Number of protein chains: 2
Amino acid sequence: MAISEKRQLERVKVIKALAHPSRLTMVEKLAEGECCVCDLQKLIGDDISTVSKHLSLLKNAGLVDTDKRGVQVFYSLRVPCVTDFLGCVEKVLSEKNEKSSCSKCK
Amino acid sequence: MAISEKRQLERVKVIKALAHPSRLTMVEKLAEGECCVCDLQKLIGDDISTVSKHLSLLKNAGLVDTDKRGVQVFYSLRVPCVTDFLGCVEKVLSEKNEKSSCSKCK
DNA sequence: ACATTAATTGGCAATTTCGCCAAATAACAA
DNA sequence: TTGTTATTTGGCGAAATTGCCAATTAATGT
């Protein structure tokens with residue numbers, strides 16, 4: 001039996017949230033510990049409004065949490081398994097290169 | 001040290017490939033075993049050309065392999081860990097619902 | 001109250017993705 | 001060769017995503 005359309009869309013929303021270079025970089029950074037928006041902005045280099053929008057998208061997907069302390073907002077990763085997630089992505093990449101551009105084959 | 005821009009783009013390419021309802025559904029189907037394009041077309045219901053394009057995108061990302069036998073092309077999942085990958089996505093969703101719409105809280 | 005710093009939101013143009021149709025290609029049978 | 005079935009490719013309009021600027025909101029200090 002197929003998964004409900006709605007459920008699939010929720011899943012896709014989570015995956016989409018990770019499917020952007022800046023957001024992926026921020027998620028990896030957050031895996032090491034919480035950060036304020038300003039730190040993430042320095043890391044990414046885009047306009048702060050752009051970074052903020054990326055972050056709210058991540059939050060909306062359920063990937064991060066926020067904690068406002070004073071003027072700053074601290075973001076933290078909600079689900080640690082995202083790291084394993086990336087492990088799988090790396091595996092796809094290594095197997096891909098292994099086959100398509102095998103350095104041992106001439 | 002941050003991951004190279006190029007590497008990050010490769011990763012994103014893989015994640016993006018999974019970030020679509022039809023493609024995600026097909027990947028899950030393929031996790032059970034290989035399928036021809038026609039079977040996947042029936043599963044998804046979109047025009048066959050649309051399905052074919054989704055599949056070539058998956059292939060380009062390194063997620064699936066193809067095997068042409070006669071007139072048909074059989075697709076198969078290249079990396080089994082994609083299943084675990086989805087496990088993490090599910091975890092994100094369950095924790096999300098747990099907090100935002102906690103049934104125990106009034 | 002006023003200024004300052006941190007972050008979010010609205011709006012918009014540029015780019016990318018999506019899905020259909022029509023046409024092309026490939027394998028095989030008659 | 002001709003026809004048939006399976007799949008891919010080209011092209012195009014529609015929809016979604018992206019990133020900047022400007023304006024707004026929020027917390028704090030003077």
Side-chain angles (χ1 to χ4, degrees), chain A residues 5-6 8-27 29-30 33-77 100, chain B residues 5-6 8-27 29-30 33-77 100:
Chain A
E5 187 74 16
K6 187 186 279 185
Q8 201 68 319
L9 285 176
E10 288 181 68
R11 288 171 157 194
V12 163
K13 187 174 175 183
V14 175
I15 301 174
K16 265 190 180 172
L18 294 166
H20 186 285
S22 303
R23 291 196 296 266
L24 193 56
T25 300
M26 290 194 284
V27 164
K29 172 73 174 171
L30 291 175
E34 64 170 17
C35 288
C36 63
V37 181
C38 49
D39 282 343
L40 294 168
Q41 190 276 319
K42 279 171 210 145
L43 177 68
I44 300 299
D46 281 351
D47 191 278
I48 183 104
S49 69
T50 299
V51 172
S52 176
K53 277 180 183 171
H54 281 313
L55 286 168
S56 68
L57 195 153
L58 285 173
K59 184 172 186 184
N60 210 251
L63 283 161
V64 299
D65 257 333
T66 54
D67 180 25
K68 181 155 195 172
R69 297 205 290 275
V71 217
Q72 294 179 308
V73 176
F74 288 86
Y75 279 80
S76 57
L77 196 57
S100 62
Chain B
E5 187 73 17
K6 187 185 279 186
Q8 201 69 318
L9 286 176
E10 288 182 67
R11 288 170 156 195
V12 164
K13 187 174 176 183
V14 175
I15 301 173
K16 265 190 180 172
L18 294 167
H20 186 285
S22 302
R23 291 196 294 265
L24 192 57
T25 300
M26 291 195 284
V27 163
K29 172 73 173 171
L30 291 175
E34 64 169 17
C35 288
C36 64
V37 180
C38 49
D39 283 342
L40 294 168
Q41 190 276 320
K42 279 171 209 145
L43 178 67
I44 300 300
D46 281 351
D47 191 278
I48 184 105
S49 68
T50 300
V51 173
S52 174
K53 276 179 184 173
H54 281 314
L55 286 168
S56 68
L57 195 152
L58 285 173
K59 184 172 185 184
N60 210 250
L63 284 160
V64 300
D65 256 332
T66 55
D67 180 25
K68 181 155 196 173
R69 297 205 289 277
V71 217
Q72 293 180 310
V73 176
F74 289 86
Y75 280 79
S76 58
L77 196 58
S100 63

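Basis for what follows: all heavy atoms, side chains included, without hydrogens, waters or symmetry-related copies. Quick caveat, the model's predicted, so the values are computed rather than measured. All chains are named by letter (A, B, ...) in the order of the sequence lines, taking the proteins before the strands, and each is independently numbered beginning at 1.
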Exercise. Say you draw a straight line from NZ of Lys59(A) to CG of Leu55(A); how long is it, rounded to the nearest 0.5 Å?
Worked result: 10.5 Å

Residues 36-44 of chain B side chain polar contacts: donor-acceptor under 3.5 Å, at least two apart:
{"unit_1": "Gln41(B)", "atom_1": "NE2", "unit_2": "Asp46(B)", "atom_2": "O", "d": "2.8"}

Seminar exercise, completed: Given the options Arg69(A), Lys68(A), Lys29(A), Glu34(A) meets salt bridge (charged side-chain N to carboxylate O under 4.0 Å, His left out) only with Arg69(A)

For this session: Can you measure from OG1 (Thr66(A)) to CZ (Phe74(A)) and round to the nearest 0.5 angstrom?
Result: 12.0 Å

Exercise. Closest nucleotide of DNA chain C for Gly45(B) versus for Val73(A): which of these residues is on the 5' side?
Worked result: Val73(A)

Exercise. With sequence neighbours excluded, what pairs up with Ser49(B) under the side chain to side chain contact (heavy atoms under 4.5 Å, CB included) test?
Worked result: Asp47(B)

Seminar exercise, completed: At a 4.0 Å cut-off to heavy atoms of chain A, the contacted part of DNA chain D spans dT17(D) to dT28(D)

For this session: For Phe74(B), answer base if it contacts any base atom (sugar-phosphate contacts may also be present), sugar-phosphate if it contacts only those atoms, and nothing otherwise; contact means non-hydrogen atoms under 4.0 Å.
Result: nothing

Exercise. Rounded to the nearest 0.5 Å, how far does CE of Met26(B) lie from CG of Leu58(B)?
Worked result: 5.5 Å

Listed pairs under 3.5 Å, donor-acceptor, residues 11-22 of chain A side chains, sequence neighbours left out:
{"unit_1": "Arg11(A)", "atom_1": "NE", "unit_2": "Glu90(B)", "atom_2": "OE2", "d": "2.6"}
{"unit_1": "Arg11(A)", "atom_1": "NH1", "unit_2": "Gln8(A)", "atom_2": "OE1", "d": "3.2"}
{"unit_1": "Arg11(A)", "atom_1": "NH1", "unit_2": "Glu28(B)", "atom_2": "OE1", "d": "2.9"}
{"unit_1": "Arg11(A)", "atom_1": "NH1", "unit_2": "Glu28(B)", "atom_2": "OE2", "d": "2.8"}
{"unit_1": "Arg11(A)", "atom_1": "NH2", "unit_2": "Glu90(B)", "atom_2": "OE2", "d": "2.9"}
{"unit_1": "Lys13(A)", "atom_1": "NZ", "unit_2": "Asn60(A)", "atom_2": "OD1", "d": "3.0"}
{"unit_1": "His20(A)", "atom_1": "ND1", "unit_2": "Ser22(A)", "atom_2": "N", "d": "3.1"}

Exercise. Distance from Leu30(A) atom CG to Leu63(A) atom CG, nearest 0.5 Å?
Worked result: 10.0 Å

Seminar exercise, completed: The residue, Lys68(B) or Arg69(A), whose nearest nucleotide of DNA chain D is more 5′ is Lys68(B)

Problem set entry | Contact interval (first through last nucleotide) of DNA chain C with protein chain A, 4.0 Å heavy-atom | dT5(C) to dG11(C)

Exercise. Of all of residues 46-55 of chain A, which get a heavy atom below 4.0 angstrom from DNA chain C, listed by number?
Worked result: Ile48(A), Ser49(A), Ser52(A), Lys53(A)

